[in-house]
Peer 1: 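This is the structure I want to talk about, given as structure tokens.
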Amino acid sequence: MMNPVIKALNFRHACKLFDPGKKIPKEQIDMILTAAHLSPTSFGLEAWKYLVISSDAVKLTLRPACWNQPQITDASHVIVILSKPGLVDPSNEYIKLNFERRGLPQDVTKAYIEKYKHHMETEVFPRMSAYAWCSKQCYIGLANIMTTAASEGIDSCPIEGFEKEWVEKVLNIDTKQYEAAVVVALGYRAKEQPERRRHSIDRVVEYR
Ligand SMILES: Cc1cc2nc3c(=O)[nH]c(=O)nc-3n(C[C@H](O)[C@H](O)[C@H](O)COP(=O)(O)O)c2cc1C
């Protein structure tokens, strides 16, 4: 029997054409969001938010900001994954609270915070912005959303083809707190998906 996750991954395609008449039931949307909620984040920071859009009016205003891609209006739901880059600065009180919530002895908590600060200053910030770092975590949520949806026979399309500032403007995002990381459309395919295109596995996997 095929592993159920591999089965879901085989079902998943970047769906270009959704059936606009088919809506995802609320329980399944909730389940998909649970998968996002259970997704890991570096240091457990959860510096993200999942904005779930089912309103046709909102989808209509969002579509031109997303390269006018029809998935935005045809899909049943569109999830805009927002990163929260302001949270992750080592000086932010949130970092202290994040480590304290582990309930570890005070000296261990202090050591964790120091380790975090050092990691951010030496590895993360020299290479990328806080927005980019938080967005990496958002893509883990994205992947779990797509796989969980696929396991329920629900199609998806990950969408990076958007103009960030435009998206934030039409959705009235408080950009002091949140920034759009990535978008995913969810619904049901209108026709069969084209054949999968992948390089051979030997080209992308190396064993040592
Ligand atoms: C981060 C990300 C962004 C993407 N953005 C778009 C997009 O804006 N529009 C689109 O039609 N497909 C988009 N795709 C889909 C890819 O083109 C697709 O996943 C790839 O060609 C492989 O095809 P498959 O997902 O059907 O296996 C995106 C995929 C990823 C992972």
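Residue numbers start at 1 and run along the sequence shown. For ligands, and for the atoms within them, numbers begin at 1 and follow the listed sequence.
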Peer 1: Considering only NZ, NE, NH1 and NH2 on the basic side and carboxylate oxygens on the acidic side, decide whether Arg101 and Glu46 come within less than 4.0 Å.
Peer 2: yes

Peer 1: Can you check whether a protein heavy atom sits less than 4.0 angstrom from atom 29 (C) of ligand 1?
Peer 2: yes

Peer 1: Around atom 10 (C) of ligand 1, find the nearest protein heavy atom and jot down its residue, atom name and distance.
Peer 2: Lys16 NZ, 3.3 Å

Peer 1: Okay, side chain of Gln137, backbone of Trp133: is any donor-acceptor separation there less than 3.5 Å?
Peer 2: yes

Peer 1: Can you report which non-hydrogen protein atom sits closest to atom 3 (C) of ligand 1, along with the distance?
Peer 2: Glu160 CB, 3.3 Å

Peer 1: From atom 16 (C) of ligand 1, work out which of Ser156, Ala14, Ala181 has a heavy atom at the shortest distance.
Peer 2: Ala14

Peer 1: Does Arg198 approach ligand 1 within less than 4.0 angstrom via side chain, backbone, both or neither, non-hydrogen atoms only?
Peer 2: side chain

Peer 1: For atom 6 (C) of ligand 1, which candidate among Cys66, Pro158, Gly161, Ala185 provides the closest heavy atom?
Peer 2: Pro158

Peer 1: Pull out every atom of ligand 1 sitting under 4.0 Å from any heavy atom of Cys157, numbered as shown with elements.
Peer 2: 10 (C), 11 (O), 12 (N)

Peer 1: Can we call the ring centroids of Tyr50 and His37 under 6.0 Å apart?
Peer 2: no

Peer 1: Strictly by modelled atom types, are Ser91 and Asp89 linked by a side-chain donor-acceptor pair under 3.5 Å?
Peer 2: yes

Peer 1: With a 4.0 Å cut-off on N to O distance, would you call Glu121 and Lys117 a salt bridge?
Peer 2: yes

Peer 1: Salt bridge between Arg197 and Glu195, side-chain N to carboxylate O under 4.0 Å?
Peer 2: no

Peer 1: Give a yes or no on whether the backbone of Asn98 and the side-chain of Arg102 come within a donor-acceptor separation of less than 3.5 Å.
Peer 2: no

Peer 1: Could you work out, for atom 25 (O) of ligand 1, the closest of Arg12, His13, Gln69 by heavy-atom distance?
Peer 2: Arg12

Peer 1: Could you tell me if any non-hydrogen atom of Tyr139 lies under 4.0 Å from any atom of ligand 1?
Peer 2: yes

Peer 1: Using a plain distance cutoff, I'd like to know if Gln71 has any nitrogen or oxygen under 3.5 Å from a nitrogen or oxygen of ligand 1.
Peer 2: yes

